[in-house]
Every structure is written in structure tokens, then in C-alpha cells.
Number of protein chains: 2
Amino acid sequence: MPYFRVAEAARLLGVSDDTVRRWVEQGHLAAEVDGAGRKVVDGAVLAAFARAQATEVPDPTGVGRSARNRFVGLVTEVKADAVMAQVELQCGPHRVVSLMSTEAVRELELVPGSLAVALVKATQVIVETPDRVVQSTRHPAAG
Amino acid sequence: MPYFRVAEAARLLGVSDDTVRRWVEQGHLAAEVDGAGRKVVDGAVLAAFARAQATEVPDPTGVGRSARNRFVGLVTEVKADAVMAQVELQCGPHRVVSLMSTEAVRELELVPGSLAVALVKATQVIVETPDRVVQSTRHPAAG
DNA sequence: ACATTAGTTCCGCAGCTGCGGCGCGGCTGC
DNA sequence: GCAGCCGCGCCGCAGCTGCGGAACTAATGT
């Protein structure tokens with residue numbers, strides 16, 4: 001049963017701790033009080049809140065809004081080798097690096113500044129705590 | 001040579017068009033003017049600006065949020081079957097769905113509200129324009 | 001050519017946010 | 001038990017942001 005303190009929740013939501021505190025005061029976000037009188041937010045509540053307030057980057061074509069495993073962003077860097085190329089995208093606050101053939105880069109006309117979409121085909125989920133790092137066995141992501 | 005209008009740039013940056021206009025006025029973001037007197041932002045400039053602005057986001061628990069192909073977020077949903085499970089994470093403004101074994105879900109103690117990290121192992125980059133959709137051949141992502 | 005629609009720009013305003021400061025309480029090490 | 005350090009809560013303020021409105025322009029269909 002994961003709980004987060006105000007400062008942790010603030011960083012996860014991308015705002016300051018004061019803002020989280022105000023949201024709790026105004027009833028927008030449910031919080032509880034631990035034994036020491038400090039505000040704590042239930043992980044599930046925080047997750048639901050984050051999902052509700054998430055404003056995904058609208059798809060340029062208008063289709064596939066809020067699609068999962070779909071990252072719309074701008075190409076920030078293209079390193080092209082003879083056969084393979086490494087393309088880096090800035091998708092909101094996240095950076096995605098994709099390896100593809102140089103031929104594909106040329107076909108897609110990928111240059112810094114291009115609007116592109118990164119489709120995540122496979123992921124590996126790990127859980128990090130201050131103590132230990134647990135990771136799952138590798139599996140393909142849901143498509 | 002991609003160019004974006006103010007409204008497009010605003011959506012990509014996650015702010016309103018007025019804010020982008022103000023950033024241009026204050027010299028924080030370079031913009032040009034097209035033949036009709038409308039502000040346009042060069043794609044490369046916009047990409048660099050987006051990347052610079054994203055680095056301001058600190059990481060939640062010491063894990064690098066600015067690291068590439070690394071998405072720190074909260075578990076919003078867990079659908080567990082007999083053998084396989086589908087885990088959905090809210091990582092900032094993006095939703096990531098990962099397919100893994102139910103055994104891994106149990107080992108990682110993944111429940112809605114858990115803090116987890118999704119490592120992107122493979123991506124497919126496509127370029128979307130209002131006219132056509134071009135996609136690269138499938139290749140593994142850079143690790 | 002004309003009317004219509006959608007998009008852009010500028011303006012003012014209310015609201016929210018982030019920041020700095022301050023005091024208090026919990027946690028740690030001795 | 002005690003001192004020190006760090007985090008949390010509260011408060012006020014300056015700054016920024018988003019929104020609505022109004023005027024103008026470009027593109028579109030008749």
C-alpha cells in the first residue's frame with residue numbers, strides 16, 4: 001500500500017509542494033495524515049489524479065488522442081552512421097532514443113526539428129525504492 | 001525544414017499559445033515571420049527549447065527522469081491474467097502500457113499507486129503529416 | 001466576386017503558481 | 001538524554017499563465 005509525502009507527490013506531478021498542498025486544501029486531491037501529522041497521499045489516489053490531469057500532446061493528425069505507448073515529440077538529434085542511425089526525440093518531459101537504419105532516417109526525412117511519433121514496442125518495468133531495485137524479466141510490451 | 005506556428009508550438013510545449021507568444025516577445029524563444037506576418041518557429045529551435053525546458057524537471061526519487069528511454073511514473077492499472085498481466089503507468093503526460101508475466105507483477109508487488117520505472121527497449125518511429133503517414137522499418141531501440 | 005469559417009494577434013484581467021522566509025517537529029548520531 | 005540537521009507546514013508576495021473578447025486576415029465554398 002504505497003503512500004507518498006507531499007514533496008514526493010509534487011515532484012511526480014511536476015509541480016511544487018506548495019501547489020500539492022493547496023490542491024489538498026481545496027479538495028482536489030485526497031490526502032491523509034500519518035502519525036506525525038504530516039500529509040500523505042495514497043498511491044492509487046495520486047495515480048488517478050495524475051492520469052486525470054494529464055494533458056497529452058494532441059496528435060497532429062487529430063487521431064489517436066491519449067493513445068498509449070505513443071509519444072509525439074520533436075527530433076532533437078540525429079546521429080547517422082553508414083548503416084545505422086540514432087534518433088533522439090523530446091516528447092514532453094521525456095527523451096526517447098531510437099535506433100534505426102540510416103536509410104529509414106533518409107526516407108522519413110528525419111532532421112532536428114521534425115515532428116515525429118515514437119511508438120513503444122517493448123518495455124521493461126522495474127520498481128525502484130530507496131533500498132533496492134527490482135526488475136521484471138524481459139517481456140515484449142503490449143501493442 | 002520544418003516550421004511550426006505558434007499554436008502548434010504551444011501544444012507541443014504543453015502551454016497556451018499566448019505563453020509562446022510572450023516567450024517570443026521576451027526573447028526566450030526565437031521566432032520568424034512568414035509572408036503573411038504570422039509568427040513561425042523553426043523546428044530545430046523549438047526542439048532545442050523543449051529539451052532545455054525539460055531538463056529543468058528534477059527527478060522524483062533520485063532516479064533520472066531526464067535519462068533517455070526511462071519513464072518514471074505511477075502504476076494506474078494492473079490487469080492480471082493467469083499467466084500474463086498488463087500494467088499501465090502514468091509517466092508525466094504519457095501513458096505507458098507494459099505486458100509482462102503475472103508472476104513478475106507479483107514479484108514486483110505492482111499495484112495501482114506503485115512507483116515504477118518503464119524502460120523502453122524498442123521503439124518504432126513514424127512521421128505523421130496531415131497528408132501521409134510514413135513509418136520506419138522495425139528496429140530495436142538504442143539502450 | 002462574395003459570404004463564411006477558421007486561425008492569428010493583441011489586450012486586459014483574474015487566478016494560480018513558485019519562491020523565500022520562518023517556526024516547529026521528527027529523525028539521526030553521540 | 002541531548003544537540004544538530006533535515007523536512008514539513010504556513011504565510012505573503014511577485015510573476016506568470018490561461019482565458020475571454022475583439023479586430024483582422026487567410027482559406028474555402030457558393
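Naming convention: chains lettered A, B, ... in sequence-line order (proteins, then strands); numbering from 1 in each chain.
With hydrogens and angles ignored, a donor-acceptor pair under 3.5 angstrom links the side chain of Asp18(B) to the base of dC19(D).
Residues Ser98(B) and Gln86(B) form no side-chain contact, since every pair of their non-hydrogen atoms from C-beta on lies 4.5 Å or further apart. Side-chain contact between Glu88(B) and Val96(B) is absent, with no heavy-atom pair separated by less than 4.5 Å. When side chains are defined from C-beta on, Met100(B) counts as touching Leu110(B), because their heavy atoms get closer than 4.5 Å. Residues Val120(B) and Phe71(A) form no side-chain contact, since every pair of their non-hydrogen atoms from C-beta on lies 4.5 Å or further apart. Taking the side chain as every heavy atom from C-beta outward, Val20(B) and Val15(B) approach each other to under 4.5 Å. In this structure, Gln53(A) and His28(A) have side chains that are not in contact, with every pair of non-hydrogen atoms separated by 4.5 Å or more.
Surrounding CD of Glu32(A) are more than 12 heavy atoms belonging to other residues, nucleotides or ligands, all under 6.0 Å away.
Within 4.0 Å (heavy atoms only), Arg5(A) reaches sugar-phosphate atoms of the nucleic acid but no base atom.
Nucleotides of DNA chain C lying under 4.0 Å from heavy atoms of chain A occupy a range whose first and last members, 5' to 3', are dT17(C) to dG26(C).
Note on the helix from dA1(C)-dT30(D) to dC30(C)-dG1(D): angle between the axes of the first and last five pairs equals 60°, rounded to 10 degrees.
In this structure, Ala7(B) and Arg38(A) both approach DNA chain C, and ranking their closest nucleotides by distance from the 5' end singles out Ala7(B). Mapping Thr19(B) and Arg22(A) onto DNA chain D via the closest heavy atom, the residue that lands nearer the 5' end is Arg22(A).
The phosphate of dG9(D) (OP1 or OP2) has a side-chain N or O of Arg21(A) nearer than 4.0 angstrom.
Rounded to an integer number of Å, the gap from CG of Asp34(B) to C1' of dA26(D) is 11 Å. Between the C1' atom of dC10(D) and the CH2 atom of Trp23(A) lies a distance of 19 Å, rounded to the nearest Å.
Under a hydrophobic-cluster definition in which Ile, Leu, Val, Met, Phe, Trp and Tyr are linked whenever side-chain heavy atoms come within less than 4.5 Å, directly or via other members, Val33(A) and Val6(A) are assigned to different clusters.
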